[in-house]
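Inspection log for the structure reproduced underneath, given as structure tokens.
Each chain gets a letter, A, B and so on, in the order its sequence line appears, and its residues count up from 1.
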Amino acid sequence: MKNMLVAKRYAKALLPLIPKDKVKEFLSEVKLLKKVTLDDEYLMDFLNSKMVKTQTKLELLDVVIKDFSNYIIWKEFFQILLEKQRQFILPQILEILEKDVLEKQGIVKITLRIAKKHSEKVIRKISLYVENFLKKKIEINEIIDPNIIGGFVAEGDKYLIDCSVRHNLEKLQSVLKN
Amino acid sequence: MNIQPEEISSIIKSKINEFKFDIDVTESGKVVQLGDGIARVYGLQDVMAGEMILFPGNVSGMALNLEEDNVGCIIFGDTTKIKEGDIVKRTHKILQVPVGDELLGRVVNPLGEPIDGKGEIKTTQFLPVERKALGVVHRQPVKEPLQTGIKPIDSMIPIGRGQRELIIGDRQTGKTAIALDTIINQKNTDVFCIYVAIGQKKSSVAKFVKTLEENDALSYTIVVSATAAESSALQYLAPYGACSMGEYFRDKGQHALIIYDDLSKHANSYRELSLLLRRPPGREAYPGDVFYLHSRLLERASKLSEDKGGGSLTALPIIETKAEDISAYIPTNVISITDGQIYLSTRLFFSGVRPAINAGLSVSRVGGSAQIKAMKKVVGQLRLDLAQYAELEAFSKFGSDLDKATLQQLRRGEKLIEILKQGQYQPIPVVKQIFIIFMANNGYLDQFDNELIGKIEEELFSILDSKYKDLMQTIEKSKLTDQILDKMHEVSKKVIERFKSEMK
């Protein structure tokens, strides 16, 4: 919980530095970094290691970000992060950054739980429904969850839209019980 | 009654046909930490303090701590059904409890759910658990008496409807017995009773309910039970929920009596919750708002103005002291909130004075104005004589060395102490109380041994019941005129006549 608070502060500080014409690029850079930190567990181990010098860590990160269009911002950000020894909250910072940048663009990130893989047409229909409800554009992260039996559950940061068969069966159960 | 399986299946089929597949849209958060009946939830940015929230498995909770990045919640159900990462939903409702006449005669948990195995309680009305106490314009001073049926209380520490009178004393001094007798005494009156058991043994609650049943007192009583086996969250909630149940009667213009047994344990459960929610501890590790915890609860007891229906909610909070220390933190807090206290002494209890009320340390600040006129008249002398006896008691060891007047005062005091003794589950109507006090005040009992006082009292009550019902009604409704006093003297003489011969 404390980490989330600190991560929020870092993300909040970084947000105003993004050039207005490079927001999209920044977002894709955040996503790429998120993917790298998630996929490569050794990277985080390396960054958290006390045996490795800060300069070496920066050099490695430089390889990852050298082609970024917001290279200077990222470089200085990593420098501060490593100097303050806050590299362990990097995944949280990236998570919050992604959400905040999307929010700045009027997009909400939604986790969509579905019981089985659906066609693009169906997913688009669901997206439209959720967008209409939230009155915002959404970015979907699909998760297959057979537990919900059928239908879908859309989890946003603030809202939960439960249209699953499981939820309705539970409701029916309580109706019959009463 | 024969139930056809076809009927059941047709009902189920129709229910299924009527059921509409719906989309549930709620504001939600996620459980990030769970333990000791407390959950920390991420999200729920717009949740209100005190709002009811829903955990998976239909477990409800309440948002208590609204922090920068999370919400601290207390959980009212089985926490084993909840795990980290679970979705928590807002209900947009401040926690409510069912209220209504349907709850009378039932034993419920602090959420108003039945726990007596007598089936569902079908109420249509709900009230929030936390309600703000009514303002001064909606109240009026206490003016009607609430008779407890206990001689020392109704005479010297009278309680009025809408008053808050604390019952305080060590363990095993008869605090709950006073509460129980008071409930029993409300039989055939217009007062509904609510008994809130906080942190007690389940066996004690079961015994209490059984006693109520045996005395036909359960039909007008609601028992709210949050025993020691319940979570501290439920124990914390119990008095507030029960108070709402009492307020329902008050707001309808009826009268209710609520007994909080006991607020020491309630403070302990709140301390537990607060420490788990990481609120800063203060004196004796209680949180800073432990005074407000009880003041906001007891302020809800009130006598409403006539415009509001004139209903009342009388509160009898109980506090258990340790080693008779009434200057501890919680006792002093509650003493300062309430309109008086009934102090029960261990020394008196073990010396055979039961109820073990210490008249010197007990006081009723507002009840006097609600006392019936006849009682007011006889009690003045009683107080004086008892105070004098208390002063002279130390000299009683000198026996025959004392002068006649002192000996007489000691003798009178002994008789007064004797008449104030009373058995359990035997509440006495106020007029009978007036009569026996009158007899003691006027020296009718001075000549008898202490062992005979009980018998004389019994004789008096049976004579009153059989021959003087009209006189009893007159005493209850009017002032003690010379004519009535003469009649009372006449009855008193008649009663002691029989015993005089026994003495010889």
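The residue among B:Asp22, B:Asp46, B:Ile12 with the most heavy atom pairs within less than 4.5 Å of chain A is B:Asp22.
Side-chain contact check for A:Lys8 versus B:Glu68: every heavy-atom pair is 4.5 Å or farther apart. Proximity of B:Ile23 to A:Ile161: side-chain heavy atoms (C-beta onward) are separated by under 4.5 Å at one or more points. Side-chain contact between B:Thr26 and A:Tyr159: absent, with no pair of heavy atoms (C-beta onward) separated by less than 4.5 Å. With a 4.5 Å cut-off on side-chain heavy atoms, B:Phe19 and A:Asn168 count as touching.
Counting non-hydrogen atoms of other residues, nucleotides and ligands closer than 6.0 Å to NZ of A:Lys31 gives a total above 12. Counting heavy atoms of neighbouring residues, nucleotides and ligands inside a 6.0 Å radius, atom CZ of A:Phe88 exceeds 12 of them. Within 6.0 Å of atom NZ in A:Lys136, 12 or fewer heavy atoms from other residues, nucleotides or ligands are found, so the atom counts as exposed in its surroundings. Other residues, nucleotides and ligands place no more than 12 heavy atoms under 6.0 Å from the CD atom of A:Glu120. Applying the 6.0 Å contact sphere to NZ of A:Lys84 captures no more than 12 heavy atoms from other residues, nucleotides or ligands. Remark: A:Lys104 NZ is packed, more than 12 non-hydrogen atoms of other residues, nucleotides or ligands lying under 6.0 Å away. Few gaps surround NZ on A:Lys99; more than 12 heavy atoms of other groups in view lie less than 6.0 Å from it.
With a 4.5 Å cut-off on non-hydrogen atoms, B:Gln45 touches chain A through its side chain but not through its backbone. Using a 4.5 Å cut-off between heavy atoms, B:Ile11 does not touch chain A at all. With a 4.5 Å cut-off on non-hydrogen atoms, B:Lys20 touches chain A through its backbone but not through its side chain. Only the side chain of A:Glu155 has a heavy atom closer than 4.5 Å to any heavy atom of chain B. For a residue to count as touching a neighbouring chain, one of its non-hydrogen atoms must lie under 4.5 Å from one of that chain's; by this rule A:Tyr129 touches chain B with the side chain only.
Rounded to the nearest 0.5 Å, atoms CG (B:Asp24) and CG (A:Leu160) are 7.0 Å apart.
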